[in-house]
Undergrad: 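Starting off with a structure, shown below.
Every heavy atom of this structure was used, including side-chain atoms; hydrogens, water molecules and symmetry mates were not.
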Amino acid sequence: MMYNQAYNAYKKASVKTASQAELVVLLYEGAVKKLTSASSKFTPDGKLPVANIEAFSADVLRAQEIITELQVSLDMDKGGEIARNLMSLYLFFNDQLRSANISKNKDKIDSVLNMMSQLTDSWRQAAETSNGSVSTQSQPALNIEG
């Protein structure tokens, strides 16, 4: 119990002291975590057992919420072409995840997961370049569970 309280305090402090770039990385990491979890609900032959449907759907919905948060945080006035391209990607991701959630399609989940993982790496490198404080390992400092 004491460990959980200390960890939660650490998470709150980490989020409050993170730079904008670090927060973006944390959001990406959260989406990747949820998509990885959603993908893991399938059997090796690509079927989604009935017992896993609710957890699968919850993971996909949470990933969509995170992507939507990334979407609304874009500064379209200052971001120019990069912001427009990211907006297009986020809209595409959410469309694919919506479709995957309805059709229980692992390939669509894995496709978005792959692209999000690549973007996570790019954002992590950008954050390191801008302030040198983001590690190359995941930092579970943002509550992405609920």
Side-chain angles (χ1 to χ4, degrees), residues 3-43 46-49 52-146:
Y3 172 77
N4 285 338
Q5 290 173 339
Y7 180 70
N8 287 335
Y10 164 78
K11 287 192 313 185
K12 285 181 182 180
S14 295
V15 169
K16 287 180 181 179
T17 60
S19 69
Q20 285 184 327
E22 290 170 317
L23 290 173
V24 170
V25 170
L26 291 171
L27 287 168
Y28 270 96
E29 288 173 344
V32 166
K33 180 179 175 183
K34 289 301 178 182
L35 293 173
T36 300
S37 179
S39 182
S40 74
K41 303 291 190 275
F42 288 86
T43 61
K47 305 288 183 198
L48 183 63
N52 291 352
I53 290 175
E54 187 175 344
F56 165 80
S57 183
D59 286 338
V60 173
L61 289 172
R62 186 62 181 133
Q64 286 182 277
E65 290 171 355
I66 293 168
I67 293 167
T68 299
E69 182 63 32
L70 288 164
Q71 187 178 340
V72 299
S73 70
L74 289 173
D75 186 336
M76 300 305 287
D77 295 329
K78 294 180 183 175
E81 186 177 351
I82 292 172
R84 286 190 299 276
N85 290 339
L86 285 171
M87 177 65 78
S88 294
L89 272 174
Y90 297 154
L91 290 170
F92 172 76
F93 291 162
N94 270 335
D95 183 59
Q96 291 296 294
L97 293 176
R98 186 174 18 266
S99 175
N101 201 1
I102 292 167
S103 64
K104 312 303 183 232
N105 186 316
K106 184 180 188 313
D107 291 338
K108 287 184 179 184
I109 297 293
D110 290 342
S111 175
V112 174
L113 173 58
N114 181 46
M115 289 183 272
M116 289 290 296
S117 295
Q118 291 176 31
L119 285 168
T120 302
D121 292 339
S122 296
W123 276 102
R124 190 178 292 120
Q125 289 175 356
E128 288 172 350
T129 301
S130 68
N131 65 14
S133 64
V134 176
S135 74
T136 57
Q137 297 181 1
S138 294
Q139 296 179 5
L142 186 61
N143 180 9
I144 52 168
E145 299 303 317

Undergrad: Under a 3.5 Å threshold, yes or no: a donor from one side chain and an acceptor from the other, between K41 and S37?
TA: yes
Undergrad: Heavy atoms only: give me the nearest A127-E22 pair and the separation to one decimal.
TA: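 Closest approach of A127 to E22, heavy atoms only: CB-N, 4.5 Å.
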Undergrad: Which distance, rounded to the nearest 0.5 Å, do you find between the CE of M87 and the CZ of R84?
TA: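 Nearest 0.5 Å value for the CE-CZ distance: 11.0 Å.
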Undergrad: What closest approach, in Å, do L74 and A83 show between heavy atoms, and which atom pair accounts for it?
TA: CD1-O, 3.6 Å
Undergrad: Quick check for you: to the nearest 0.5 Å, what is the distance between L61 atom CG and N101 atom CG?
TA: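 Result: 5.0 Å between the selected atoms.
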Undergrad: Can a side-chain donor-acceptor contact be found between S99 and N105 if the only test is distance below 3.5 angstrom?
TA: no
Undergrad: Nearest 0.5 angstrom please: L48 CG to I53 CD1, how far?
TA: 5.0 Å
Undergrad: Does some side-chain heavy atom of N52 sit less than 4.5 Å from a side-chain heavy atom of T43?
TA: no
Undergrad: Any non-hydrogen side-chain atom of L35 less than 4.5 Å from a side-chain atom of F93?
TA: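 Of all side-chain heavy-atom pairs linking F93 with L35, none is under 4.5 Å.
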Undergrad: What distance separates Q71 CD from L89 CG, expressed to the nearest 0.5 Å?
TA: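 Separation between the atoms: 11.0 Å.
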Undergrad: Please give me the minimum heavy-atom distance between A100 and I109, naming the atom from each residue.
TA: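 So the two residues come closest at CB-CD1, 3.7 Å.
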Undergrad: Can you tell whether the side chains of E65 and R62 come within less than 4.0 Å, N to carboxylate O?
TA: yes
Undergrad: Can you find a pair of side-chain heavy atoms, one from E29 and one from V32, that are under 4.5 Å apart?
TA: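 Sidechains of V32 and E29: no contact.
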Undergrad: Which pair of heavy atoms, one from A38 and one from D59, lies closest together, and at what distance?
TA: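 That closest heavy-atom pairing would be N-OD2, 3.4 Å.
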Undergrad: State the OG-CG distance between S73 and L23, to the nearest 0.5 angstrom.
TA: 9.5 Å
Undergrad: Which value, rounded to the nearest 0.5 Å, describes the distance between M116 atom CE and L70 atom CG?
TA: 6.0 Å
Undergrad: Evaluate the ring planes of F42 and F56, with Trp represented by its six-membered ring, and classify them as parallel (under 30°), tilted (30 to 60°) or perpendicular (over 60°).
TA: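 Answer is perpendicular, since the angle exceeds 60°.
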